[in-house]
Engineer: 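Submitted below is the structure of interest, expressed as structure tokens.
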Protein chains: 2
Amino acid sequence: MAESVAIPDRRQRRRQESIEEILDVALELMAEQGVAGLSLGEVARQLGIRPPSLYVYFASKNALYDAAFARGAKEIYDLYLDASQQVIATAQSADEALLRMGSIFIRWAIDHPVYAQLLFWRPVPGFEPTPEAYQPAVALMELGAELFAAMQDRRWLRSDVAADDLLRDWTIVISGIISQQLSNEPEVDFTSGRFTAALPSIVTMYVAANGVTTPARKPARKSTTTSATKESRRAHPR
Amino acid sequence: MAESVAIPDRRQRRRQESIEEILDVALELMAEQGVAGLSLGEVARQLGIRPPSLYVYFASKNALYDAAFARGAKEIYDLYLDASQQVIATAQSADEALLRMGSIFIRWAIDHPVYAQLLFWRPVPGFEPTPEAYQPAVALMELGAELFAAMQDRRWLRSDVAADDLLRDWTIVISGIISQQLSNEPEVDFTSGRFTAALPSIVTMYVAANGVTTPARKPARKSTTTSATKESRRAHPR
DNA sequence: GTCTATATGACGATAGAC
DNA sequence: GTCTATCGTCATATAGAC
């Protein structure tokens with residue numbers, strides 16, 4: 001009896017391999033022809049199968065986009081998790097921490113423009129990521145909030161502004177670098193980009209306004225030279 | 001003799017009207033279905049004609065995108081030209097000038113998400129704007145360079161950094177706000193957006209680092225990016 | 001279970017009649 | 001300048017071979 005259903009995991013593993021293989025090809029083609037220019041026929045052609053066979057593994061073209069989105073979100077989340085732990089453990093200043101985090105994040109985005117466009121822009125009409133695919137992106141934001149709260153705790157960043165606002169402004173400047181680099185110099189890599197090169201000055205700018213030593217934001221009025229007057233209000237207290 | 005070619009401008013005016021009308025419909029549809037999701041069949045349907053008739057006015061779908069790009073570029077250029085003249089004439093500080101310029105630019109982008117995506121992102125696979133369509137965008141950058149040079153001359157912005165670098169960093173933060181707002185809260189307008197609301201704090205941040213009173217950037221050492229060991233190197237000296 | 005064969009309808013684009 | 005007719009390709013759906 002057990003024999004007839006003996007090796008379901010083998011089949012499933014085989015199936016999973018096929019899914020990953022299709023995804024690999026699809027991502028390659030998106031890199032060549034643009035994210036929204038993906039053709040299932042071309043995917044099938046590259047794999048040596050007929051287009052309808054793809055529907056065994058993906059219910060629709062958008063399901064393929066969703067899987068790509070999920071893979072990219074997971075990848076950047078893992079990378080960011082690892083990086084933030086290292087940075088929290090070893091960084092000596094806000095400048096250093098932000099430079100390292102920004103560098104890792106931006107480098108990944110420029111190295112993976114397809115993921116970056118899929119995750120940060122909306123290039124595919126009609127496609128919305130499912131909550132499952134989107135989940136790592138949410139976790140990524142929470143990770144960011146924790147990191148910024150930790151920097152506030154260390155008095156690296158001012159505490160009279162909510163960590164959420166600090167993080168929002170940080171995402172603005174980082175996504176600004178990525179967005180400008182990808183749209184103005186799409187073929188240039190992280191090392192030689194004109195906009196990626198702005199990261200140090202952008203970090204300095206950020207810290208000039210949000211570091212504890214230089215409260216340049218609309219003054220909190222209550223002398224914020226050292227600490228907050230009535231405690232910080234943070235999104236993810238520890 | 002003159003009679004046989006008597007009214008060419010009438011025909012041409014009529015033709016131009018048709019072109020504008022087609023463009024209007026196309027932009028509406030892009031707003032509804034996404035920039036890359038434009039369908040020529042749907043455009044023709046809305047106009048009560050057959051799809052092939054569109055080819056009398058536009059050589060291809062990309063030619064239509066090109067015309068849309070040109071129209072958007074011209075519109076934002078005119079807006080920016082007007083605004084920068086007013087700001088140069090009346091603003092009293094870097095903070096005020098940048099807040100006004102940023103506000104006008106971002107508001108336009110959020111109010112015209114189709115133009116913004118077409119101009120600032122690359123949502124349509126295979127489409128590259130022609131030099132003619134792109135020209136106002138170049139002029140816009142030159143306008144920005146002049147504005148920043150003028151602010152340096154007034155000692156509103158530090159002069160130990162090239163105006164081009166100041167402008168580059170400014171485009172980064174502004175495009176960051178636009179990019180984040182359009183991708184995270186696409187349906188929210190300028191007034192209520194979470195990221196558009198960050199403009200004042202972003203401007204303060206920018207001025208904290210690049211205003212003359214607070215040189216927070218890595219002190220004018222041997223320059224951060226390339227050469228230029230001394231003096232400011234500006235793109236458009238006056 | 002996995003694939004092929006085949007079909008449908010929409011798409012961008014072209015040719016040619018009127 | 002507009003039409004009809006048509007082509008090749010696309011995403012997608014279904015039926016059925018192995």
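All chains are named by letter (A, B, ...) in the order of the sequence lines, taking the proteins before the strands, and each is independently numbered beginning at 1.
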Engineer: Starting from C1' on D/dA11, measure out to CD1 on A/Ile22 and report it in whole angstrom.
Structural biologist: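 For the pair A/Ile22 CD1 and D/dA11 C1', the rounded distance is 15 Å.
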
Engineer: Are the side chain of B/Ser175 and the backbone of A/Gln180 linked by a donor-acceptor contact shorter than 3.5 Å?
Structural biologist: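 Not confirmed, B/Ser175 side chain does not pair with A/Gln180 backbone.
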
Engineer: Once you round it to whole Å, what is the distance between P of D/dT14 and CG of A/Leu54?
Structural biologist: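 One finds 17 Å between P of D/dT14 and CG of A/Leu54, rounded.
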
Engineer: CZ of B/Arg11 versus P of D/dG1: gap in Å, rounded?
Structural biologist: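 Nearest whole value for this atom pair: 7 Å.
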
Engineer: Kindly calculate the angle separating the two end axes of the helix from C/dG1-D/dC18 to C/dC18-D/dG1, each obtained from five base pairs, and round it to 10 degrees.
Structural biologist: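 End-to-end axis angle for the helix from C/dG1-D/dC18 to C/dC18-D/dG1: 10°, rounded to 10°.
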
Engineer: Any idea how B/Trp108 and B/Phe120 line up, ring-wise: parallel (<30°), tilted (30 to 60°), or perpendicular (>60°)?
Structural biologist: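 Perpendicular: the ring planes of B/Trp108 and B/Phe120 meet at over 60°.
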
Engineer: Tell me, with the steps shown, if B/Asp78 and B/Lys74 meet salt bridge (Lys or Arg N to Asp or Glu O under 4.0 Å).
Structural biologist: CA-CA 6 Å; B/Asp78 289 344; B/Lys74 175 149 184 23; 2.9 Å; yes

Engineer: Take atom CZ of A/Arg13 and atom P of C/dG1, then tell me their distance rounded to the nearest Å.
Structural biologist: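 Distance, rounded to whole Å: 16 Å.
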
Engineer: State which residue, out of B/Val35, B/Leu119, B/Leu29, fulfils the side-chain contact (heavy atoms from CB on, under 4.5 Å) condition with B/Val114.
Structural biologist: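 Exactly one pass, corresponding to B/Val35.
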
Engineer: Please identify which of these residues, B/Arg71, B/Arg13, B/Arg15, meets the salt bridge (Lys or Arg N to Asp or Glu O under 4.0 Å) condition with B/Glu20.
Structural biologist: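 Considering B/Arg71, B/Arg13, B/Arg15, a salt bridge (Lys or Arg N to Asp or Glu O under 4.0 Å) with B/Glu20 is found only for B/Arg71.
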
Engineer: Mind checking A/Phe58 for me? I need base, sugar-phosphate or nothing, with any heavy atom below 4.0 Å counting as a touch.
Structural biologist: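 If one applies the 4.0 Å heavy-atom cut-off, A/Phe58 turns out to touch nothing in the nucleic acid.
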
Engineer: Can you give one letter per nucleotide of nucleotides 5-18 of chain C, going 5' to 3': B for a protein heavy atom under 4.0 Å from the base, S for sugar-phosphate only, - for none?
Structural biologist: BB----SSBB----

Engineer: Taking only side-chain N and O atoms of A/Ser53, does any of them lie within less than 4.0 angstrom of OP1 or OP2 on C/dT2?
Structural biologist: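 Negative; the distance criterion is not met.
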
Engineer: Between A/Ile49 (CD1) and C/dT2 (C1'), how many Å, whole number?
Structural biologist: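 After rounding, the reported distance stands at 10 Å.
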
Engineer: Decide side chain to side chain contact (heavy atoms under 4.5 Å, CB included) for A/Leu98 and A/Met151; before the verdict, give the C-alpha distance in whole Å, the side-chain angles of both, and the deciding distance to 0.1 Å.
Structural biologist: CA-CA 10 Å; A/Leu98 291 174; A/Met151 290 199 285; 3.6 Å; yes

Engineer: Of all heavy-atom pairs between B/Gly41 and B/Pro51, which one has the smallest distance, and what is that distance?
Structural biologist: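 For B/Gly41 and B/Pro51, the tightest heavy-atom pair comes out as CA-CG, 4.1 Å.
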
Engineer: Classify the ring geometry between A/Trp170 and A/Tyr206 as parallel (under 30°), tilted (30 to 60°) or perpendicular (over 60°).
Structural biologist: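 Geometry flag for A/Tyr206 against A/Trp170: perpendicular rings.
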
